[in-house]
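Notes follow the structure.
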Amino acid sequence: MDASTIAKANFEALHKNPYPGRGLVVGRSSAEDAWLMIYWIMGRSASSRNRKFVVAGNTLRTEPIDATKLDNPELLIYDAMLELPNVYLVSNGDQTRTIYDALLAGGSFDSALEKREREPDAPHYTPRISAMLDLNTYPGAVTLSILKANQANPTRTDRFTYRPARAPRGFGFGLTTYRGDGNPLPSFSGDPLLLPCGGKADAVLDSYWNALNAENLVALAVKEVSGQNGESHIVVRNRYTHNNA
């Protein structure tokens, strides 16, 4: 199958999935010379839905809507997107900051994640998914990582790192935390998904917002990074913004 057929099938599967959990995609816009980083959060519980995305410059973070009604803030509140010169990070937890600090100190993406484990939220043991876009060397490189519980012994962490070849324009590679709904939630498995990145940031945000499960989707963001000068901007959409949402 060609790239369009594969990406369409993966996107349709994402649309039919009631609970892929948190997800990220890094790819290239079909509309212009730009990279796109997509990130979304979902929630089944009131605590998970008690959140919104906030943008501060080129940083994306989660924040509580009502801080008095938030359980496990160490797992729910974090910087989801950070960047250094020509390096752009996205993840589903506070490992975004771990990677950022390691790179700032001269370390690497891999060495930073060696210090981290899957999330400690038994019995789900939610995977930590992370990605880095490095534009220091033309034409740019994408690295994706998933840290997930070992099937035989969930107290241990399996580590998978992927370095896919640069996607064609209009496509990206993505990871989600779960394969679907369940109790416990089944962790994502297999290689990163080839997914569409059709259009500019606003169009991509609309596309994924409309595709993801409306009952469980909490917030979605798209960062657009210029392929010419590395400048970035973020667009977001939040489902819940008030305490009585």
Side-chain angles (χ1 to χ4, degrees), residues 3 6-7 10 20-29 33-41 58-61 78-119 126-149 157-178 187-197 201 204 208 221-227 230-232 234:
I6 296 170
N10 286 336
R22 286 165 275 176
L24 59 83
V25 183
V26 182
R28 300 174 65 211
S29 170
D33 182 11
W35 289 85
L36 299 172
M37 305 186 86
I38 306 163
Y39 181 61
W40 68 83
I41 56 175
N58 51 36
T59 295
L60 176 75
R61 65 175 182 265
Y78 53 88
D79 294 322
M81 291 183 181
L82 292 169
E83 64 182 67
L84 292 158
N86 297 314
V87 176
Y88 308 84
L89 305 172
V90 57
S91 94
N92 72 327
D94 62 7
Q95 72 268 22
T96 324
R97 179 62 63 176
T98 302
I99 301 167
Y100 177 92
D101 290 343
L103 295 173
L104 198 62
S108 68
F109 181 89
D110 294 322
S111 64
L113 288 172
E114 287 175 1
K115 304 173 184 177
R116 303 306 304 266
E117 307 286 339
R118 80 288 178 273
E119 292 187 358
T126 299
R128 292 188 186 272
I129 54 175
S130 310
M132 176 176 70
L133 169 64
D134 186 345
L135 297 184
N136 279 302
T137 303
Y138 183 85
V142 174
T143 305
L144 301 138
S145 165
I146 183 167
L147 309 179
K148 53 190 290 188
T157 299
D158 292 338
R159 302 167 186 277
F160 300 89
T161 303
Y162 306 90
R163 292 181 170 84
R166 189 173 72 150
R169 285 193 178 186
F171 300 94
F173 292 99
L175 296 169
T176 64
T177 51
Y178 308 122
S187 294
F188 178 89
S189 62
D191 292 332
L193 303 170
L194 181 67
L195 289 164
C197 290
V204 171
Y208 277 80
V222 180
K223 174 180 276 192
E224 186 174 277
V225 181
S226 169
E231 292 182 357
S232 69
I234 303 172

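This one's a predicted model, so the numbers in the text were calculated from it and none came from an experiment. Note that the numbering runs from 1 along the sequence shown for the chain.
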Just how far is it from atom [atom1] of [X] to atom [atom2] of [Y], taken to the nearest 0.5 Å?
X      : Y      : atom1 : atom2 : result
Met81  : Asn58  : CE    : CG    : 11.0 Å
Ile129 : Asn92  : CD1   : CG    : 4.5 Å
Cys197 : Trp35  : SG    : CH2   : 9.5 Å
Glu83  : Ile234 : CD    : CD1   : 7.5 Å

Taking all non-hydrogen atoms of both residues, which atom of [X] and which atom of [Y] are closest, and how far apart?
X      : Y      : value
Pro196 : Tyr208 : O-OH, 2.8 Å
Gly93  : Ser91  : O-OG, 2.9 Å
Val225 : Ser232 : CG2-CB, 4.0 Å

Heavy-atom donor-acceptor pair, Thr98 side chain to Ala112 backbone, under 3.5 Å:
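A pair under 3.5 Å: no.
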Distance-only, no hydrogens or angles: does the Tyr88 side chain make a donor-acceptor pair with backbone N or O of Gly230 under 3.5 Å?
yes
What I want to check is whether the side chains of Ser29 and Glu224 have a donor and an acceptor closer together than 3.5 Å.
no
Check: Gln95/Arg128 side-chain N/O donor and acceptor closer than 3.5 Å
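Yes - a donor-acceptor pair under 3.5 Å links their side chains.
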List in chain and number order the residues that pass side-chain hydrogen bond (donor to acceptor under 3.5 Å, both in side chains) with Ser226, two or more places apart in sequence or in another chain; answer none if no residue qualifies.
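With neighbours one apart ignored, the set is Asn229.
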Please report, to 0.1 Å, the donor-acceptor pairs under 3.5 Å made by any side chain of residues 164-176, with sequence neighbours excluded.
residue : atom : partner : partner atom : Å
Thr176  : OG1  : Tyr178  : O            : 3.0

Check ion pair Arg163-Asp134 (N to O, under 4.0 angstrom)
no
Answer whether the closest heavy-atom distance between the side chains of [X] and [Y] falls below 4.5 Å.
X     : Y      : result
Asp79 : Tyr100 : no
Tyr39 : Leu24  : yes
Ile99 : Leu113 : yes

What donor-acceptor contacts under 3.5 angstrom involve side-chain atoms of residues 137-147, with partners at least two apart or in another chain?
none

Would Arg116 and Asp94 count as a salt bridge (Lys or Arg N to Asp or Glu O under 4.0 Å) if you check the C-alpha gap in whole Å, the side-chain angles of each, and the deciding distance to 0.1 Å?
CA-CA 10 Å; Arg116 303 306 304 266; Asp94 62 7; 2.7 Å; yes
